[in-house]
Engineer: 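Take a look at this one; I'll ask things after.
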Number of protein chains: 2
Amino acid sequence: MDETAPQKGTVTQRAIEQIKGMIGEGRLEPGQRLPTERDLAVQLGISRSSMREAIRALTVLGVLEARHGSGIYVTQLEAGDLLETFGVVADLSRGPQLVELLEVRRVLESTATALAAARITPDQLAEVEKHLTAMNATDDPEVILAHDLAFHREIATAAGNDTMAAILEGLSSRTFRARVWRGYQEEGAFERTRREHAAIHRALVAHDPEAARAAAAAHVGEVEQWLRTQLSDQA
Amino acid sequence: MDETAPQKGTVTQRAIEQIKGMIGEGRLEPGQRLPTERDLAVQLGISRSSMREAIRALTVLGVLEARHGSGIYVTQLEAGDLLETFGVVADLSRGPQLVELLEVRRVLESTATALAAARITPDQLAEVEKHLTAMNATDDPEVILAHDLAFHREIATAAGNDTMAAILEGLSSRTFRARVWRGYQEEGAFERTRREHAAIHRALVAHDPEAARAAAAAHVGEVEQWLRTQLSDQA
DNA sequence: CCGGCAAGGTGGTAGGACCACTATGGCCTG
DNA sequence: CAGGCCATAGTGGTCCTACCACCTTGCCGG
């Protein structure tokens, strides 16, 4: 009796689980090259088509990386690799879910900013300042948005928790912010945003975690409240 | 000149983006049925194989759902659908990344517990108590783990932010907790865990958000610190 | 009127053929 | 002898066709 195939779900799903299992058990190390699609298909007793679907699935999840002409490799399995898909959530969420996402972001961003205030190095602080001044030196919404993103990304990095930074990155994905910011900034929120960023910066310079936490929470909270009113007005 | 195909990346990747775009633009509503694989392939000018890979990718991301013999449907795009993949991160993370994940969980869990303390209803509180007593009534680690999960899940639900609850669900996935808890509980941490759960419960009954926040943070922090020492000992 | 059965439609699997890209090694040139 | 070029084999990417498993629908007979 060959019981290698418990017959649960589709063969592709099984293949996904098996490869995931191999990585989980340490039989496949980060960065390691996998057998070819053809060999893998034979090993698991499925067709190449199904195996390709499994590989594609693990690729979009950030677990595997396929290099055309070279082979299939396990990613480094770092936070950035695995949490890239988090952006999809932000991009496809709508209505009340956007508020919930901003609430999560408020919690994490304020924590990250507080941590950054305690740990940030002079070099990192200089980088933050660079984006702050660049942001204040233009009126082009696109440029402002780019530096705004970089500003918060730098702070998240300084917090020292790559996983948290990766999640925040996803919660601030370009399309997500573009959708929300668009309306927000149309109401002349530029000045307020500048003040809030300045407050965050001051707290970082002073290495004052509590002030940083409060400033960041207020910053995200502003947008959150605005979005809340927008949604209730529509209803 | 037909410029529908900007020729960037693989055709499958393009198909993924296009379908995602259709949903983002509202051309595909949650729950709606898509054309058949064969028709979709024709529409986007690619082969059925490539289209299937794209569909499979969006399926594992929780965006689409394929029902054998019936058709392909857009999910409700709720937090639970889209954040299911978050568990993969927890399952494949190792070493320092586990600590970072626990740090994120500590932040979110403490916030969720605080929110729950303010909002929890008598019914929900009764449910929490059910799992608490069930947890204390046995010594079977498996049963304890199951009720432990349910205990925190109920609290996260009571917090009223489904997105946050879904993320916490992923951060507490069975395999993740099994891996960490295994060693943790072996050191006779049962009693301590019970006391911490009792403290969280007391704060919920008292509707005291600050106490709830502190209790939850301490609860997760305990495990976090234990894991930290484990990792430094190995080094 | 209702239950069951048959046919068509749909996703799931398989296998083959060919294309596009990469890497490697030997060969030719300077 | 050293260096760069190029043929070649190997790999993922794409396409096609055929068939299977499952669901849905609607017709047919009781």
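Quantities reported herein were computed from a predicted structural model and do not represent experimental measurements.
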Engineer: Just the rounded figure in Å: distance from C1' of D:dT11 to CZ of A:Arg52.
Structural biologist: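 Taking atom C1' of D:dT11 as the reference, CZ of A:Arg52 is at 11 Å.
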Engineer: What nucleic acid atoms does B:Ile46 come within less than 4.0 Å of, heavy atoms only: base, sugar-phosphate, or nothing?
Structural biologist: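 Touches sugar-phosphate only.
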Engineer: At 4.0 Å (heavy atoms only), tell me whether A:Arg48 reaches a base, stays on the sugar-phosphate, or touches nothing.
Structural biologist: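 Base contact.
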Engineer: Which is more 5' along DNA chain C, the nucleotide nearest A:Ser47 or the one nearest B:Pro35? Just name the residue.
Structural biologist: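 Nearest nucleotide further toward 5': that of B:Pro35.
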Engineer: Where the side chain of A:Thr10 is concerned, which of C:dA14, C:dG12, D:dG13 is the nearest nucleotide?
Structural biologist: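 Per side-chain heavy atoms of A:Thr10, the pick is C:dG12.
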Engineer: Any side-chain to backbone donor/acceptor pair from B:Ser232 onto B:Thr229? Under 3.5 Å, distance only.
Structural biologist: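 Yes, the answer is positive, given that a donor and an acceptor are paired below the 3.5 Å cut-off.
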Engineer: Salt bridge or not for B:Arg174 and B:Glu142, using N-O below 4.0 Å?
Structural biologist: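 Counted as a salt bridge, because a side-chain N and a carboxylate O are separated by less than 4.0 Å.
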Engineer: Need to verify one output field. Residue with the more 5' nearest nucleotide on DNA chain C, A:Ser70 or B:Ile72?
Structural biologist: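 On the 5' side of the pair lies B:Ile72.
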Engineer: Taking ring-ring contact (aromatic ring centres under 6.0 Å, His included) as the cut-off, I'd like each qualifying pair that reaches into residues 141-168 of chain A, sequence neighbours left out, listed once.
Structural biologist: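 Non-adjacent pairs meeting ring-ring contact (aromatic ring centres under 6.0 Å, His included): A:His131-A:His147, A:Phe151-A:His197, A:His152-A:His197, A:His152-A:His219.
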Engineer: Taking the nucleotide of DNA chain D with the nearest heavy atom to each, does A:Asp39 or B:Gly45 sit closer to the 5' end?
Structural biologist: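 Taking each residue's closest nucleotide, the earlier one in sequence belongs to A:Asp39.
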Engineer: Just checking B:Thr36: base, sugar-phosphate only, or nothing, at a heavy-atom cut-off of under 4.0 Å?
Structural biologist: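 Sugar-phosphate, no base atom in range.
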Engineer: Report the residue (A:Ser49 or A:Arg67) whose heavy-atom-nearest nucleotide on DNA chain D is the more 5′ of the two.
Structural biologist: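 Result: A:Arg67.
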Engineer: Got a salt bridge between A:Arg56 and A:Glu53, using NZ or NE/NH1/NH2 to carboxylate O under 4.0 Å?
Structural biologist: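 Salt bridge flag = no for A:Glu53 with A:Arg56.
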